[in-house]
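Keep in mind the model is a prediction, meaning the values are calculated, not measured.
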Amino acid sequence: IVMGGSFNRIALKNGTTTTQRHLAAFELATGDFVQEFRPSIDGNVLAIAPVPGGRAAVIAGKFSSYNGTAKRNIARINLPSGALAPTFTATASGRITTMARTGERLFVGGAFTAINGRARAALAELDLRTGAPNPDFRIGVSGYRGGEVTGARVIAIGLTPAGDRLVVMHRGETVGGQTRGGAAIIDVSRRREPTLTSWQTDQWPSWDTVGITDGEVSPDGSYFVVTNIKGNVPPNHDTVIAFPTAGGAGVRPLWITQ
């Protein structure tokens, strides 16, 4: 098990502690801390995407170096050594908070404006092997509505089981230049022609804030769930909200728990 976050120390099974910042590994069967996996990273790891075969993973977050090598906010590492995979050269201008993978396609979301120097508004598709951005995926998020900062913010993304729909949960107003407050669904079935679907909800009125803090697509892909901590329109504040992935304009929640 590889875990990331904002921690500085690990408590071991024998009651002692050891310094290990932001990234650590444990044996699945025993829970033992993997002593040989001791990477040095200078910032928080916010998302981890496993690579098929279990011998590598992509880590992302808000950091600038990994084991002394300059790496901006995303890196691919080999397992269990933790060594950098040199062929993966992606770099992000800002933090990456969420990732989703299907095959050799890696989708990333966060608060960045560029990947590898190419303009990307908080959302991008990368090659899992090289980190190169897909030149045909240029659907971005704009119009931040979170309240306290500026700039687009993608909070969570998820793929349906077939890998053909990308659910984007965000604190913005528009996706791909069209109004999609809070959430949107992108058809990614064709790598060269990703398209924004007609799915849209009016759950967050345009004049109100969007307070999504996390989200996840259901195992069968029929719905997705978000947590929401802001909003003046009842019952958005401090809620868990489920939406169907099917539908067009004016999609209503399946359920809301406050």
Side-chain angles (χ1 to χ4, degrees), residues 1-117 120 122-133 153-159 213-214 216:
I1 301 174
V2 179
M3 56 175 278
S6 59
F7 54 85
N8 293 313
R9 296 184 66 78
I10 298 293
L12 306 182
K13 289 171 63 177
N14 63 7
T16 63
T17 62
T18 185
T19 298
Q20 182 61 36
R21 295 182 172 90
H22 310 302
L23 193 64
F26 296 85
E27 294 290 351
L28 178 62
T30 65
D32 290 330
F33 178 64
V34 179
Q35 295 284 352
E36 59 268 31
F37 183 83
R38 303 301 292 266
S40 174
I41 188 168
D42 67 346
N44 294 342
V45 174
L46 304 175
I48 300 174
V51 173
R55 304 298 294 179
V58 178
I59 63 170
K62 182 62 175 175
F63 51 85
S64 59
S65 71
Y66 184 93
N67 284 349
T69 299
K71 296 297 294 184
R72 292 190 63 193
N73 304 317
I74 187 169
R76 176 167 166 160
I77 61 174
N78 295 323
L79 299 174
S81 69
L84 282 172
T87 58
F88 188 88
T89 59
T91 181
S93 64
R95 74 183 58 184
I96 294 175
T97 56
T98 178
M99 295 189 288
R101 180 195 63 80
T102 179
E104 297 294 324
R105 304 172 70 184
L106 179 67
F107 298 92
V108 299
F112 51 85
T113 58
I115 298 287
N116 286 9
R120 293 292 187 274
L123 192 63
E125 179 188 339
L126 310 180
D127 185 289
L128 185 65
R129 297 163 297 174
T130 67
R153 294 287 189 279
V154 171
I155 306 301
I157 57 176
L159 287 161
T213 59
D214 207 351
E216 187 70 58

Colleague: Once you round to the nearest 0.5 Å, how far does CG of Leu159 lie from CZ of Arg105?
Modeller: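 Those atoms lie 8.5 Å apart.
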
Colleague: To check you understand the geometry: which heavy-atom pair defines the closest contact between Phe7 and Leu23, and what is its length?
Modeller: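 Taking every non-hydrogen atom into account, CZ-N, 3.5 Å.
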
Colleague: Identify the heavy atoms of Phe112 and Ala92 that sit nearest to each other, and give their distance.
Modeller: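 Distance-wise, the nearest heavy atoms are CB-CB, 4.4 Å.
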
Colleague: Is there side-chain contact between Ile157 and Leu123, with heavy atoms separated by less than 4.5 Å?
Modeller: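 Ile157 vs Leu123: side chains touch.
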
Colleague: Would a distance-only check, ignoring hydrogens and angles, find a side-chain to backbone donor-acceptor pair under 3.5 Å from Asn44 to Leu46?
Modeller: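 Not confirmed, Asn44 side chain does not pair with Leu46 backbone.
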
Colleague: Would you check if the side chain of Lys71 reaches a backbone N or O of Leu84 as a donor-acceptor pair within less than 3.5 Å?
Modeller: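 Between the backbone of Leu84 and the side chain of Lys71 there is no qualifying donor-acceptor contact (under 3.5 Å).
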
Colleague: Does the side chain of Ser64 come under 3.5 Å of the side chain of Asp42 through a donor N or O and an acceptor N or O?
Modeller: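 Side chains of Ser64 and Asp42: pair found under 3.5 Å.
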
Colleague: Do Val108 and Val58 have side chains that get closer than 4.5 Å, going by heavy atoms?
Modeller: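 SC-SC contact between Val108 and Val58 ruled out.
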
Colleague: What's the shortest heavy-atom distance between His22 and Ser6, and which atoms?
Modeller: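 It is ND1-CA, 4.0 Å.
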
Colleague: Are the side chains of Ile77 and Phe37 in contact, using a 4.5 Å heavy-atom criterion?
Modeller: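 They are in contact (side-chain heavy atoms under 4.5 Å apart), so the answer is yes.
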
Colleague: Carefully, step by step, assess Leu126 and Met99 under the rule side chain to side chain contact (heavy atoms under 4.5 Å, CB included).
Modeller: CA-CA 10 Å; Leu126 310 180; Met99 295 189 288; over 6 Å; no

Colleague: Looking at CD1 of Ile74 and CZ of Phe63, how far apart are the two atoms once the value is rounded to the nearest 0.5 Å?
Modeller: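 The CD1 atom of Ile74 sits 7.5 Å away from the CZ atom of Phe63.
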
Colleague: Mind checking the CG-CD1 spacing from Leu106 to Ile96? Nearest 0.5 Å is all I need.
Modeller: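 One finds 8.0 Å between CG of Leu106 and CD1 of Ile96.
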
Colleague: Between the side chain of Arg55 and the main-chain N/O of Asn78, is any donor-acceptor distance below 3.5 Å?
Modeller: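 Checked: no pair found.
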
Colleague: Say you draw a straight line from CD1 of Ile1 to CG of Leu28; how long is it, rounded to the nearest 0.5 Å?
Modeller: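 Atom-to-atom, Ile1:CD1 and Leu28:CG are 5.0 Å apart.
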
Colleague: Test your reading of the model: is there a side-chain donor-acceptor pair from Asn116 to the backbone of Thr91, 3.5 Å cut-off?
Modeller: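 Yes, Asn116 side chain to Thr91 backbone: donor-acceptor pair under 3.5 Å.
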
Colleague: Please tell me if the side chains of Val45 and Met3 come closer than 4.5 Å, counting only heavy atoms from C-beta onward.
Modeller: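 No; the side chains remain at least 4.5 Å from each other.
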
Colleague: Less than 4.5 Å apart, any side-chain heavy atom of Thr87 and any of Thr130?
Modeller: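 The answer is no; the side chains never approach within 4.5 Å.
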
Colleague: Nearest 0.5 Å, please: how far is CZ in Arg72 from OG in Ser93?
Modeller: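 It is 6.5 Å, given to the nearest 0.5 Å.
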
Colleague: Side chains of Thr113 and Arg120, heavy atoms from C-beta outward: is any pair under 4.5 Å?
Modeller: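 A side-chain contact under 4.5 Å is absent here.
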
Colleague: Grab the two heavy atoms, one from Pro52 and one from Leu128, that are nearest each other, plus how far apart they are.
Modeller: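 Minimum heavy-atom separation between Pro52 and Leu128: CD-CD2, 3.9 Å.
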
Colleague: Say whether, by atom type as modelled, one donor and one acceptor occur between the side chain of Thr98 and the main chain of Ala47 under 3.5 angstrom.
Modeller: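 It does not hold such a pair.
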
Colleague: Say whether, by atom type as modelled, one donor and one acceptor occur between the side chain of Arg101 and the main chain of Pro50 under 3.5 angstrom.
Modeller: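 At least one qualifying donor-acceptor pair exists.
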
Colleague: Do you know the tightest heavy-atom contact between Ala90 and Gly131?
Modeller: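 Closest approach of Ala90 to Gly131, heavy atoms only: CB-O, 3.4 Å.
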
Colleague: Report, as yes or no, whether the 6.0 Å neighbourhood of atom CZ on Arg9 holds more than 12 heavy atoms from other residues, nucleotides or ligands.
Modeller: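 Enclosed.
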
Colleague: Taking the side chain as every heavy atom from C-beta outward, state whether Gln20 and Pro39 have any pair of such atoms under 4.5 Å apart.
Modeller: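 SC-SC contact between Gln20 and Pro39 confirmed.
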
Colleague: Determine the minimum heavy-atom distance between Ile115 and Ala124, stating which atoms define it.
Modeller: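 Answer, listing the atom of Ile115 first, then Ala124: CG1-CB, 3.9 Å.
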
Colleague: About how many Å separate CD1 of Ile10 and CZ of Arg38, when rounded to the nearest 0.5 Å?
Modeller: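 The CZ atom of Arg38 sits 8.5 Å away from the CD1 atom of Ile10.
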
